[in-house]
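Just below is one structure, and these are the notes that go with it.
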Protein chains: 2
Amino acid sequence: MTTPQLTKNQTLVFDVLEKAEGPLSAYTILDKLRDHGFRAPLQVYRALEKLLEYGVVHRLESINSFVACAHPGDDCHSHGIVAFAICESCGQVMEFHDHEVDHRLMEWVRGQKFKPEKTTIEIRGLCEACAA
Amino acid sequence: MTTPQLTKNQTLVFDVLEKAEGPLSAYTILDKLRDHGFRAPLQVYRALEKLLEYGVVHRLESINSFVACAHPGDDCHSHGIVAFAICESCGQVMEFHDHEVDHRLMEWVRGQKFKPEKTTIEIRGLCEACAA
DNA sequence: TTGCACACGTTATAGCATAACGCAATTGAT
DNA sequence: ATCAATTGCGTTATGCTATAACGTGTGCAA
Ligand SMILES: [Zn+2]
Ligand SMILES: [Zn+2]
Ligand SMILES: [Zn+2]
Ligand SMILES: [Zn+2]
């Protein structure tokens, strides 16, 4: 997916996510953009929808939040499943991928003749700093 | 986790999930139990909390739903990560696990000194019947 | 010009989850 | 037996997450 020129709202939402320390909920993004004229959740959700489509933002299903892609310009997303480690204490997110994991999962779905559309791998726990 | 005797509400919720064809949302469970005296979401959520703790029910993070464990009595959950394939057309869920996937993910977290608490693997797509 | 696609704004509503209070039953120690 | 702690339960209220439905304006191509 090639990323077209972002619109004004898409740029605002993306900038907020990029500058954030960790993942943000849609409503948190909304609050951060009230000064820029945002008034309603849909303004955020519509921008997020496009940013997700372009692959520059990821949705963390297990915490209903969104995060800027940590590998911009990388082509990893086109040939692999993205995985996340999420610290439940400080909110830090690590994005990674593992071809062997991808391969095993895709072997399994192939055996089941299952047609995958979107795969979620999220590990919640404590990062090194917080576990100490 | 050994499963103690379930309470009345826990039994009702679990029975609904066991008899269901696929995953159910908490509010769908609530509706199915109104005839049995359920009036409020908390009655469902409190039962689910225990059932999840006992490991007899799983939560599907990507679709905000709950499903009865497909491997009752199995000890797989104690030494591996559970994965799900969810058909977005018919709602059918396949629960499986793959030691190699577990191993690779745990290798990764060990390398990062990340302390995992709960891992989610969910593949959304189309089952064989629905993809045809 | 006309039709279409798209971004945007707004209001309302739907869907998911928990806080906070109080009561009753159970358990386990004194 | 009594008291305290724990647990389950019921209820009301609230908060968080997400989308439906309607209308506006703009740019572009047929
Ligand atoms: Zn990414
Ligand atoms: Zn941390
Ligand atoms: Zn299971
Ligand atoms: Zn299906």
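So you know, we letter chains A, B, ... as the sequences are listed, proteins then strands, and number each from 1.
Regarding contacts with the backbone of C/dG15, every side-chain N or O of B/N64 stays at 4.0 angstrom or more from both OP1 and OP2. For A/R59 and D/dT17, the shortest distance from a side-chain N or O to OP1 or OP2 is not below 4.0 Å. Look at B/Y45 and you won't find any side-chain N or O under 4.0 angstrom from OP1 or OP2 of C/dT18.
Under the rule for a salt bridge (charged side-chain N to carboxylate O under 4.0 Å, His left out), the partners of B/K115 that lie at least two apart in sequence or sit in another chain are B/E117.
B/R104 has no carboxylate O lying under 4.0 Å from a charged side-chain N of B/E107, or vice versa, which leaves the two without a salt bridge.
The distance between atom CG of B/L48 and atom P of C/dA17, rounded to the nearest whole Å, is 9 Å. Between the CG atom of A/L60 and the C1' atom of D/dT17 there is a distance of 15 Å, rounded to whole Å. Rounded to whole angstrom, the span from the CG atom of B/L30 across to the P atom of C/dG15 amounts to 13 Å. B/I63 places its CD1 atom 13 Å from the C1' atom of C/dC16, with the value rounded to the nearest Å. The CD-C1' distance, from A/Q5 to C/dA7, rounds to 14 Å in whole Å. Summarising the geometry, the separation between CG on A/L24 and C1' on D/dC16 is reported as 15 Å, rounded to the nearest angstrom.
Applying the ring pair (Phe, Tyr, Trp, His ring centres under 6.0 Å) rule to pairs touching residues 10-31 of chain A yields nothing, sequence neighbours excluded. Here ring pair (Phe, Tyr, Trp, His ring centres under 6.0 Å) pairs that include residues 103-123 of chain A, with residues two or more places apart or in two chains, are A/W108-B/F96. Within the structure, the side-chain hydrogen bond (donor to acceptor under 3.5 Å, both in side chains) test picks out the following pairs touching residues 32-44 of chain B (sequence neighbours left out): B/D31-B/R34.
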_For nucleotides 6-15 of chain D, give me one character per nucleotide, 5' to 3': B if any protein heavy atom sits under 4.0 Å from the base, S if the only such contacts are to the sugar-phosphate, - if neither._
--SBBBB---

Which donor-acceptor pairs under 3.5 Å do the side chains of residues 119-132 of chain B make with protein atoms, sequence neighbours left out?
residue : atom : partner : partner atom : Å
B/T120  : OG1  : A/R124  : NH1          : 3.1
B/E122  : OE1  : B/E61   : N            : 3.4
B/E122  : OE1  : B/S62   : N            : 2.8
B/E122  : OE1  : B/S62   : OG           : 2.5
B/E122  : OE2  : B/E61   : N            : 2.7
B/R124  : NH1  : A/T120  : OG1          : 3.1
B/R124  : NH2  : A/E61   : OE2          : 3.1

